[in-house]
Amino acid sequence: MKAWATTMRHSRGQPPQNMIMPNPTAPSPPLHSMVLTADDYVGYILNGERQDQRIRTIGLPGFLVCGPYRPLKAGTYTIAILGEVDDGGLLAFVDVVCNSGARQLAKSDITVQAGPGIISIFSLHLPEDVDDLEIRLAVAADTRLAFQGVHIQERDADRDYALLNKSYASDAHWSVVLFSSCLSHVKPDIPFYLVIPREDQGVFDRLFGSAHAIGFIDRLPITLYEDWVLAKSDNVTPNGFTGWQVQQVVKLAFSKLGLCRQYLTCDSAQFFTRPFDFTKAMFRDGILCTTARPQDRDEIDRHFINTGEQCWLQGELVSASVAFDAIDAHFTSRREPLKYHYIGCNGIFDVDICHALEAKAANFGYGNFAGMINLCPYEFAWYGAFVTYCHPDLFKPIEPCIFRPIVEAGQLFDEPPPTGDDGFFGYLFQKPACDDLQPMRTYLACLAACPPHIEK
């Protein structure tokens, strides 16, 4: 159901395209959404001027707009403020209020553009119905922005999920295919967040726009800029961080944006080929699973020594067992015979657990997620070890994890296609396969090889 449509510019000066925010399927009553445009703010423009479907700043401080005083039922919502920010200026913000402005329900600072067509995006929790909801933009004299409207989407309290893809221009073709596969195979119809470097926007605009034009996708993902996510979550990374390290911080820092309760992270070079029910696949006994493979500690230590596999620890390459033991040692002094390997490429994260993990990182003197990754850059191992040792009541290990790994292109059809019942719902492609295969052609070939799905 296309419940949340807005405009998203491919680049400055180019015509906008629709960005669809999916409405999660749910039992009755249906989830509520509200779309406010510049037309709804006529009569509520205080320190700006309207230009077509935009309300622009004019160099006056104060509220750009107030209103429009709408009723909204109790619940949890995602609020997207739409438009373009040239310069947030000094102390610009958006807030949500009721009771004639006397009660502030949420506030988000405006510094830079959050994503293409998005000034800011944040969560709103209403404990009770309100009759006069206002969404106001406060600007400074040096703020330069154009406000286009607001989209409000209710979230399912019991199934508050999201999917996160951290990507780069070099992987943009894969991200398009991943997104298309989610639209076809993932339920409920959860939000798909794509986080990219600001400078890569043109590549993604072009590829997603082309895919939309030919009907390969019927909507666009919710795209956020990498630097905005890091700044908003207080996890700005050191200048020396590589893209590999930055993406690990983003995957953890996303938890601090408040846009869901649980989320699945996907690398770009993977796609679904079978129906994937988030609740059935990711929960056991009502508890969110952790991607983890049980191993004999002595056996895996010998394997790492024999293979010479190394990992990073404090800026140095050491034996992989030394690096992962160093992470474990933050949470336990015991050296148990059973050790877990926290599987990479896909992570299943609970927001509350992530927050507790970052608090631990601060206690260790690392400050935040970025400091933790700076010490040892393996986000799944940090999260997995924390759940294993500090929250054993919440530790539900799951393996295999969602996608069948393909390393060599030639092995793609060596086995029968994933069935879902075997724990695999699609494929993930590692090097060199991800470099050797053409994403869309590979996806279509894999779909063709899959037997028709029969609902049970």
Query raised in the report: Is any side-chain heavy atom of V130 closer than 4.5 Å to a side-chain heavy atom of L133?
Result: yes
Query - Cationic N near anionic O, under 4.0 Å, D156 to R261 - result: no
Query raised in the report: Going through the checks in order, is the side-chain hydrogen bond (donor to acceptor under 3.5 Å, both in side chains) test met by N346 and Q270?
Result: CA-CA 10 Å; N346 294 96; Q270 44 188 244; 2.6 Å; yes
Query raised in the report: Counting only N and O atoms by type, is there a donor-acceptor contact under 3.5 Å from the side chain of D277 to the main-chain atoms of T279?
Result: yes
Query raised in the report: Would you say the side-chain atoms of S175 and Y168 include a donor-acceptor pair closer than 3.5 Å?
Result: no
Requested in this report: Check whether the ring centres of H185 and F425 lie less than 6.0 Å apart, and answer yes or no.
Outcome: no
Requested in this report: Answer yes or no: is there a side-chain heavy-atom contact under 4.5 Å between D39 and Q53?
Outcome: yes
Report summary line: salt bridge (charged side-chain N to carboxylate O under 4.0 Å, His left out) pairs touching residues 429-448, sequence neighbours excluded, are K431-D435
Query raised in the report: Taking side chain as C-beta onward, heavy atoms only, is L288 less than 4.5 Å from K396?
Result: no
Query - Verdict with supporting geometry, Y161 and Y263, ring pair (Phe, Tyr, Trp, His ring centres under 6.0 Å) - result: CA-CA 5 Å; Y161 313 140; Y263 59 101; over 10 Å; no
Requested in this report: Answer yes or no: is there a donor N or O on one side and an acceptor on the other, between the side chain of Y383 and the main chain of T290, under 3.5 Å?
Outcome: no
Query raised in the report: If we ignore angles and hydrogens, is there a donor and acceptor under 3.5 Å between the side chains of S268 and N165?
Result: yes
Report task. Flag the pair T265 / E379 as yes when at least one side-chain heavy-atom distance between them is below 4.5 Å, and no otherwise. Result -> no
Report task. Start with the C-alpha distance between S167 and W174, add both sets of side-chain angles, then the distance that settles side-chain contact (heavy atoms from CB on, under 4.5 Å), and finish with yes or no. Result -> CA-CA 9 Å; S167 193; W174 283 109; over 6 Å; no
Query raised in the report: Where does the angle between the aromatic ring planes of F276 and F278 fall among parallel (under 30°), tilted (30 to 60°) and perpendicular (over 60°)?
Result: perpendicular
Requested in this report: Salt-bridge test for R70 and D40: reply yes if a basic N is under 4.0 Å from a carboxylate O, no otherwise.
Outcome: yes
Query raised in the report: Do the side-chain N and O atoms of Y69 and E134 include a donor-acceptor pair separated by under 3.5 angstrom?
Result: yes
Query - Under 3.5 Å: donor-acceptor pair, side chain of S184, backbone of S180 - result: yes
Query raised in the report: Do F324 and Y378 have ring centres separated by under 6.0 Å?
Result: yes
Query raised in the report: Any donor and acceptor pair, going by atom type alone, linking the side chain of S181 with main-chain N or O of F272 inside 3.5 Å?
Result: yes
Query - Proximity of F254 and Y193 rings by center, below 6.0 Å - result: yes
Requested in this report: Specify whether Y443 and F216 have parallel, tilted or perpendicular ring planes, treating 30° as the upper limit for parallel and 60° as the lower limit for perpendicular.
Outcome: perpendicular
**Report entry** Audit row: L375, W382, side-chain contact (heavy atoms from CB on, under 4.5 Å) steps and yes/no
**Finding:** CA-CA 11 Å; L375 176 80; W382 281 107; 3.9 Å; yes
Query raised in the report: Between F395 and Y389, is the gap from one ring center to the other below 6.0 Å?
Result: no
Report task. Could you label the plane-to-plane angle of the F429 and F271 rings as parallel, tilted or perpendicular, counting under 30° as parallel and over 60° as perpendicular? Result -> tilted
Requested in this report: Answer yes or no: is there a donor N or O on one side and an acceptor on the other, between the side chain of Q113 and the main chain of G83, under 3.5 Å?
Outcome: yes
**Report entry** D189 vs R159, salt bridge (charged side-chain N to carboxylate O under 4.0 Å, His left out): CA-CA, chis, key distance, verdict
**Finding:** CA-CA 10 Å; D189 191 9; R159 297 182 294 178; over 6 Å; no
**Report entry** Criterion side-chain hydrogen bond (donor to acceptor under 3.5 Å, both in side chains) on Y342 and T388, from CA distance to verdict
**Finding:** CA-CA 10 Å; Y342 305 101; T388 302; 2.7 Å; yes
Report task. Give a yes or no on this: more than 12 heavy atoms of other residues, nucleotides or ligands lie within 6.0 Å of atom NE2 of H391. Result -> yes
Requested in this report: Verify whether one side chain among N235 and E358 offers a donor that lies under 3.5 Å from an acceptor in the other.
Outcome: yes
Report task. Look only at the side chain of Q262 and the backbone of F349, and say whether a donor-acceptor pair between them is shorter than 3.5 Å. Result -> no
Query raised in the report: Does the salt bridge (charged side-chain N to carboxylate O under 4.0 Å, His left out) test come out yes or no for E154 and K73, once each step is laid out?
Result: CA-CA 9 Å; E154 187 179 9; K73 293 186 177 297; over 6 Å; no
Report task. Report the C-alpha separation of S33 and Y77 in whole Å, then their side-chain angles, then the decisive distance to 0.1 Å, and conclude whether the side-chain hydrogen bond (donor to acceptor under 3.5 Å, both in side chains) test is met. Result -> CA-CA 9 Å; S33 64; Y77 298 84; over 6 Å; no
Query raised in the report: Is it the case that T78 and R155 place a side-chain donor and acceptor less than 3.5 Å from each other?
Result: yes
Query raised in the report: Do L252 and M372 pass the side-chain contact (heavy atoms from CB on, under 4.5 Å) test, and can you show the C-alpha distance, the side-chain angles, and the key distance before you say yes or no?
Result: CA-CA 11 Å; L252 292 168; M372 193 175 71; 3.7 Å; yes
Report task. Let me see the working for L194 and F208 under side-chain contact (heavy atoms from CB on, under 4.5 Å), right down to the final yes or no. Result -> CA-CA 12 Å; L194 173 66; F208 274 97; 3.8 Å; yes
**Report entry** Electrostatic pair K232-D109, nearest N-O below 4.0 angstrom
**Finding:** no
Query raised in the report: Are the ring centres of F179 and F192 closer than 6.0 Å?
Result: yes
Query - Any donor-acceptor N/O pair, S210 side chain to L207 backbone, under 3.5 Å - result: no
Query raised in the report: Would you say the side-chain atoms of R293 pair up with the backbone N or O of Q295, donor to acceptor, closer than 3.5 Å?
Result: no
Query raised in the report: If you count the non-hydrogen atoms of other residues, nucleotides and ligands that lie under 6.0 Å from CG in D52, is the total more than 12?
Result: no
Query raised in the report: Is it true that a side-chain atom of K256 and a backbone atom of S233 form a donor plus acceptor pair closer than 3.5 Å?
Result: yes
Query raised in the report: Are the charged groups of D267 and K251 less than 4.0 angstrom apart, N to O?
Result: yes
Query raised in the report: Less than 4.0 Å between a side-chain N and a carboxylate O, is that true for D422 and R274?
Result: no
Return all side-chain donor-acceptor pairs below 3.5 angstrom for residues 97-104, not counting sequence neighbours, or 'none' if the list is empty.
unit_1	atom_1	unit_2	atom_2	d
R103	NH1	E128	OE2	2.7
Q104	NE2	D95	OD2	3.1

Report task. Could you tell me which residues satisfy side chain to side chain donor-acceptor pair (under 3.5 Å) with Y225, sequence neighbours excluded, listed by chain and number? Result -> Q201
